[in-house]
Protein chains: 2
Amino acid sequence: MPLLTLRSYVSGAWAEGKGTLQTLVNPATEEPLAQAGTGGIDMAAALDHARTKGGPALRALSFAERGALLKAMSDVIQGHRDEILDLAVKNGGNTRSDAKFDVDGATFTLSSYAQIGQSLGDAKFVVDGEGIQLGRTPRFHGQHIAVPRRGVAVHINAFNFPAWGFAEKAAVALLAGVPVVSKPATSSGMVAHRITELLLEGAVLPEGALSLLMGSAGDVLEHLGPQDVVAFTGSGDTGIKIRSMPNVIRHSVRVNVEADSLNAAVLGPDAAPGSETYDFFLKDVLRDMTQKAGQKCTAIRRVLAPSSVAAQVRDDLVERLRSVTVGNPAQEGVRMGPVATADQLQDVRLGIGQLGADGRIVFGSAAEVQAVGAPARKGFFVSPVLVEVEAGAAAPTVHSREVFGPVATVVPYSGSAEDAAGIVARGGGGLVSSVYSEDVAFTSDLVLGLAPHHGRVFLGSAKIAEASPGPGTVLPLLVHGGPGRAGGGEELGGLRGLGFYLQRVALEGSRPVIDRITGNKGS
Amino acid sequence: MPLLTLRSYVSGAWAEGKGTLQTLVNPATEEPLAQAGTGGIDMAAALDHARTKGGPALRALSFAERGALLKAMSDVIQGHRDEILDLAVKNGGNTRSDAKFDVDGATFTLSSYAQIGQSLGDAKFVVDGEGIQLGRTPRFHGQHIAVPRRGVAVHINAFNFPAWGFAEKAAVALLAGVPVVSKPATSSGMVAHRITELLLEGAVLPEGALSLLMGSAGDVLEHLGPQDVVAFTGSGDTGIKIRSMPNVIRHSVRVNVEADSLNAAVLGPDAAPGSETYDFFLKDVLRDMTQKAGQKCTAIRRVLAPSSVAAQVRDDLVERLRSVTVGNPAQEGVRMGPVATADQLQDVRLGIGQLGADGRIVFGSAAEVQAVGAPARKGFFVSPVLVEVEAGAAAPTVHSREVFGPVATVVPYSGSAEDAAGIVARGGGGLVSSVYSEDVAFTSDLVLGLAPHHGRVFLGSAKIAEASPGPGTVLPLLVHGGPGRAGGGEELGGLRGLGFYLQRVALEGSRPVIDRITGNKGS
């Protein structure tokens with residue numbers, strides 16, 4: 001049987017790529033599953049189609065109507081959940097639990113933004129803040145509004161969340177009224193491809209609102225102009241390439257980057273081993289190391305523990321890591337699957353070696369691992385790895401290299417909030433860090449010390465342990481992004497996320513006319 | 001008498017530049033006034049001083065206290081207004097009226113932000129939006145806050161507003177809690193230099209909160225890192241260079257650019273010649289052409305008039321331009337001074353030729369002009385120039401080249417809002433455009449058509465004519481910036497402007513702890 005070729009959806013039609021195609025495999029078995037490529041696709045025409053068909057169609061709708069589209073998208077995904085989960089297990093190396101985290105995150109984000117749309121009602125643009133009296137009398141008036149940009153949003157997604165990554169970006173852009181050209185990572189792209197097929201079969205969205213590039217991005221970004229935006233999740237190096245593009249710079253194309261992040265979890269000095277807070281901390285570290293084989297941009301990479309308990313933390317983590325079964329996620333009882341690609345495996349192995357040189361490896365290794373249920377010498381498996389460094393160690397790799405796999409490092413600190421904040425800040429800006437403590441003074445100090453360097457800070461008190469999904473879960477109503485190394489981007493955060501797709505503009509003039517434009521009947 | 005050397009203020013001391021110095025002249029007479037340069041200044045040390053001395057000092061203050069600093073700055077400038085106005089006339093080629101526009105704009109902006117500081121009270125960071133219930137019970141809670149970045153703000157200002165440009169950037173950064181390294185354009189830098197001297201003599205600010213680079217920026221931007229920001233106002237080409245810097249890209253240094261803008265004023269079809277609205281329109285176009293010799297980033301460059309009245313608009317503008325006396329602004333009766341530098345004069349002359357090729361010049365020329373009160377063949381004078389193009393003309397220069405002098409072009413349009421919006425959008429993104437009409441339907445349509453392409457839209461109804469400073473005046477409570485060619489930046493806008501200097505971060509955890517951190521006593 002010839003290999004299935006996944007097509008792109010551009011300019012209102014499915015299009016098969018020409019020339020060399022990339023093969024998508026099962027990362028647990030290396031079995032080829034499909035092939036895809038974008039050779040021969042007219043990217044400029046694809047963008048124009050989105051701008052001229054999708055843009056006007058979306059802008060003609062109210063927020064409530066756009067929200068209803070998102071709800072319908074969520075329902076379609078939910079209605080085919082099992083099929084999509086199967087694809088994620090097969091093409092993503094996901095355990096079923098990993099796959100649910102991705103797919104249910106997608107439907108949850110879409111339905112959250114559907115609700116935001118509903119709450120914005122009949123409006124087609126955002127009225128931003130209160131009106132402002134500009135002169136001596138109320139007549140001379142100012143009012144900010146935020147209107148949909150007239151361009152297209154190109155979304156370049158990472159391989160680790162083919163469903164959620166697609167949905168969290170698309171939900172915000174579509175609600176804002178901006179058409180989307182979505183490019184999943186090719187290697188794990190079967191999920192996003194199938195979701196797009198289902199959405200098109202269901203005619204859920206107006207034509208032009210959603211296009212799909214199945215394969216390389218080609219020259220698509222070279223055709224972006226002043227009203228367009230690009231949102232990218234992936235490696236810092238690719239983010240740098242996008243930001244450096246001459247047309248992106250010249251036309252002030254908006255770029256949002258979510259990149260590398262050395263997220264830290266800090267155990268408070270009050271959280272003694274055996275306490276509820278301590279157990280909550282261990283559980284979150286374990287989850288982040290093994291969920292998705294550690295391939296989460298928000299995963300805890302640096303585990304800060306007071307020097308007095310660092311050895312205990314290490315031992316407790318090692319003990320728990322021993323029970324993690326690595327293998328083919330299609331197999332019953334497997335807790336952690338492979339990483340996504342051969343390249344990722346090589347990079348993770350290299351990174352483990354570099355981290356080890358900063359201190360010592362106390363669990364696992366970069367060597368081959370015995371994987372349950374996988375053919376011999378096949379699959380991109382790596383064991384969980386725990387590294388330990390000395391208190392006060394320079395540990396340059398630990399604080400600068402994101403090893404994108406089931407790898408974390410225990411870093412001792414003095415027990416003071418200031419010391420912890422200083423060590424965490426060595427990461428140069430991150431997506432999220434967390435504090436596990438019941439000491440409110442310590443927590444407050446550390447939270448404010450971490451805040452300038454992060455997009456989110458998680459306060460890990462035992463009092464929220466049952467309700468909490470942990471710091472590694474991105475929530476639609478909280479912003480996601482971080483300064484510096486993390487790319488300087490900001491996504492989600494409820495209504496805040498729409499700002500990236502809107503142009504804020506100050507209206508300055510006579511109050512009655514401005515009120516009529518904004519639909520304010522006066523007060 | 002040897003030429004006065006203007007020094008920089010860095011690392012807590014005044015420092016004279018080494019090596020070649022640039023000579024500052026009177027642009028009306030070309031008389032040398034002073035010299036300045038930054039050779040030999042250790043820029044990395046200057047930034048570190050600001051970060052380590054100025055940053056902590058500012059962050060230790062509440063918003064109300066930082067606001068009080070701004071009020072004191074405003075008072076110092078106001079207290080030396082005449083002296084500063086004299087410098088602006090001498091070194092800036094400003095008429096006294098031009099100089100007041102700059103200097104009073106500075107004090108107004110500082111005192112406006114002082115008031116914002118007061119209104120924020122004892123807080124040291126911004127609580128951003130409402131709290132969010134994240135779980136089934138209110139205990140699991142989210143709250144966004146926005147805290148001062150731990151870096152330094154480098155402000156690179158344009159030559160046209162040495163007082164206001166300094167103040168509008170510094171006010172926002174200092175109120176946010178971020179120290180400033182300010183670099184005025186050297187050519188007109190005497191005003192910013194004197195203001196800095198006065199502020200230091202008065203010990204208005206904590207040490208390290210304000211530094212001054214008097215001369216080239218040297219390598220200062222190469223030392224910026226993940227917590228730093230740079231705000232630049234000037235040419236698009238320089239903006240591109242800043243954005244392309246490897247360290248700026250790699251560290252996600254925040255960059256705000258205010259660059260070229262082909263601001264348009266659109267006369268509505270209802271605003272018949274002779275009407276109040278028509279006169280308001282003419283007055284605003286005239287002011288923008290001649291104020292500061294047209295050297296305002298917000299000045300009207302494209303004058304859109306319905307085809308049926310375009311010839312009348314042209315004739316009325318020409319008639320008014322005849323009465324504009326060009327000359328040495330130190331001389332009584334001079335209405336318009338020179339442009340700022342020999343380079344600017346050359347660039348404006350070149351631009352006039354290029355614009356003329358798009359249509360025809362109907363007033364003035366690129367040739368030498370008889371300047372009142374200036375030595376023969378001295379001074380950077382150019383006459384006001386009005387260009388006219390045919391309806392529907394391609395006019396590529398008119399819609400792409402900002403000629404930064406007393407130059408505008410009359411562009412006929414059909415009279416429909418859609419047509420006008422389409423023509424204006426050819427500018428590729430601008431700071432501000434304006435609509436002069438009493439027809440609410442026309443105004444609404446055009447405002448919403450212009451909105452995606454601008455940072456501000458001015459509604460020029462006769463009803464606000466008396467209260468209005470016109471579209472060319474930037475107001476502290478309204479955002480200033482624009483997409484695309486205008487640089488994609490956003491400044492001012494009241495509290496909105498602070499966002500650039502703050503890191504927004506989501507706090508996620510137990511509500512009582514978050515409430516305690518944010519000072520919310522609960523509700």
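Not measured: the values here are computed from a predicted model. Values reported hereafter were calculated over all heavy atoms of this structure, with side chains retained and with hydrogens, waters and symmetry mates removed. In what follows, every chain begins at residue 1, and chains take the letters A, B, ... in the order their sequences are listed.
- A side-chain contact (heavy atoms from CB on, under 4.5 Å) with S510(A) is found for one member of H141(A), R139(A), R516(A) and no other, namely R139(A).
- Within a 6.0 Å radius of CZ in R250(A), no more than 12 heavy atoms belonging to other residues, nucleotides or ligands are found.
- When heavy atoms are compared at a cutoff of 4.5 Å, V147(A) approaches chain B solely by way of its side chain, counted from C-beta outward.
- Nearest heavy atom pair, residue D270(A) against residue S437(A), reads OD1-OG, 2.6 Å.
- The two residues F442(B) and G268(B) come nearest to each other via the heavy atoms CE2-CA, 3.6 Å.
- For residues 126-137 of chain B, a heavy-atom distance under 4.5 Å to chain A picks out D128(B), G129(B), I132(B), L134(B), given by residue number.
- Only the backbone of P148(A) comes within contact range of chain B, with at least one heavy atom under 4.5 Å from a heavy atom of that chain.
- Looking at L475(B), the atoms closer than 4.5 Å to chain A (heavy atoms on both sides) all sit in the side chain, from C-beta outward.
- Scanning both residues, Y501(B) and A176(B), for their nearest heavy atoms gives CB-CB, 3.5 Å.
- The stretch residues 444-459 of chain B places S444(B), V447(B), L448(B), G449(B), A451(B), P452(B), H453(B), H454(B), G455(B), R456(B), V457(B), F458(B), L459(B) near chain A, each with some heavy atom under 4.5 Å from a heavy atom of that chain.
- Contact of L477(A) with chain B is made through backbone and side chain together, with heavy-atom distances under 4.5 Å.
- If you measure heavy-atom distances from E490(A) to chain B, the contacts under 4.5 Å come from the side chain alone.
- Residues forming a ring-ring contact (aromatic ring centres under 6.0 Å, His included) with F281(A) (at least two apart in sequence, or on another chain): Y436(A).
- Crowding of Q115(B) atom CD: a count of heavy atoms from other residues, nucleotides or ligands under 6.0 Å not exceeding 12.
- Residues R51(A) and G225(A) approach most closely at NH2-N, 4.4 Å, considering heavy atoms.
- S235(B) pairs by the side-chain hydrogen bond (donor to acceptor under 3.5 Å, both in side chains) definition with T238(B), not counting sequence neighbours.
- Pairing each heavy atom of S252(A) with each of G488(B), the nearest pair is OG-N, 3.6 Å.
- At least one donor-acceptor pair closer than 3.5 Å links the side chain of R485(A) to the backbone N or O of G427(A).
- Closest approach of P483(A) and P226(B) over heavy atoms only: CB-O, 4.5 Å.
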